[in-house]
Amino acid sequence: MARIARLRERLSALYRRWAVGGAGLLITGNVMVHAEALTGSAGVALDGAAPLEPFTE
């Protein structure tokens, strides 16, 4: 859990830095819409069972 919390904070800091820089469009990739489509152990799936709260910052 601590590893996930650190990763989340690092990603949040990265997106905050990009936002301050005035990016007009941020495109990210490798977010699956079904858990069975994951390509690796660190993959992210945002399907109907996923808690969306961690991704709303």
Side-chain angles (χ1 to χ4, degrees):
M1 253 351 228
R3 179 176 175 261
I4 292 172
R6 286 191 307 268
L7 178 59
R8 178 176 181 229
E9 181 51 41
R10 289 178 65 193
L11 285 173
S12 293
L14 175 63
Y15 284 112
R16 276 193 298 274
R17 188 177 320 136
W18 285 346
V20 170
L25 179 65
L26 299 176
I27 300 173
T28 61
N30 206 29
V31 176
M32 302 298 129
V33 295
H34 196 283
E36 291 179 11
L38 290 176
T39 58
S41 61
V44 175
L46 295 178
D47 60 10
L52 296 180
E53 293 80 22
F55 301 96
T56 59
E57 282 189 30

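Quantities reported herein were computed from a predicted structural model and do not represent experimental measurements.
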Query raised in the report: Is any side-chain heavy atom of E36 closer than 4.5 Å to a side-chain heavy atom of H34?
Result: yes

**Report entry** Residues forming a side-chain contact (heavy atoms from CB on, under 4.5 Å) with A13, sequence neighbours excluded
**Finding:** E9, R16

Requested in this report: Applying side-chain contact (heavy atoms from CB on, under 4.5 Å), name anything that partners L52, two or more places apart in sequence or on another chain.
Outcome: L46

Report task. Of all the heavy-atom pairs spanning A45 and A35, show the shortest one and how long it is. Result -> CB-CA, 3.7 Å

**Report entry** Partners passing side-chain contact (heavy atoms from CB on, under 4.5 Å) against R6 (at least two apart in sequence or in another chain)
**Finding:** A2, R3

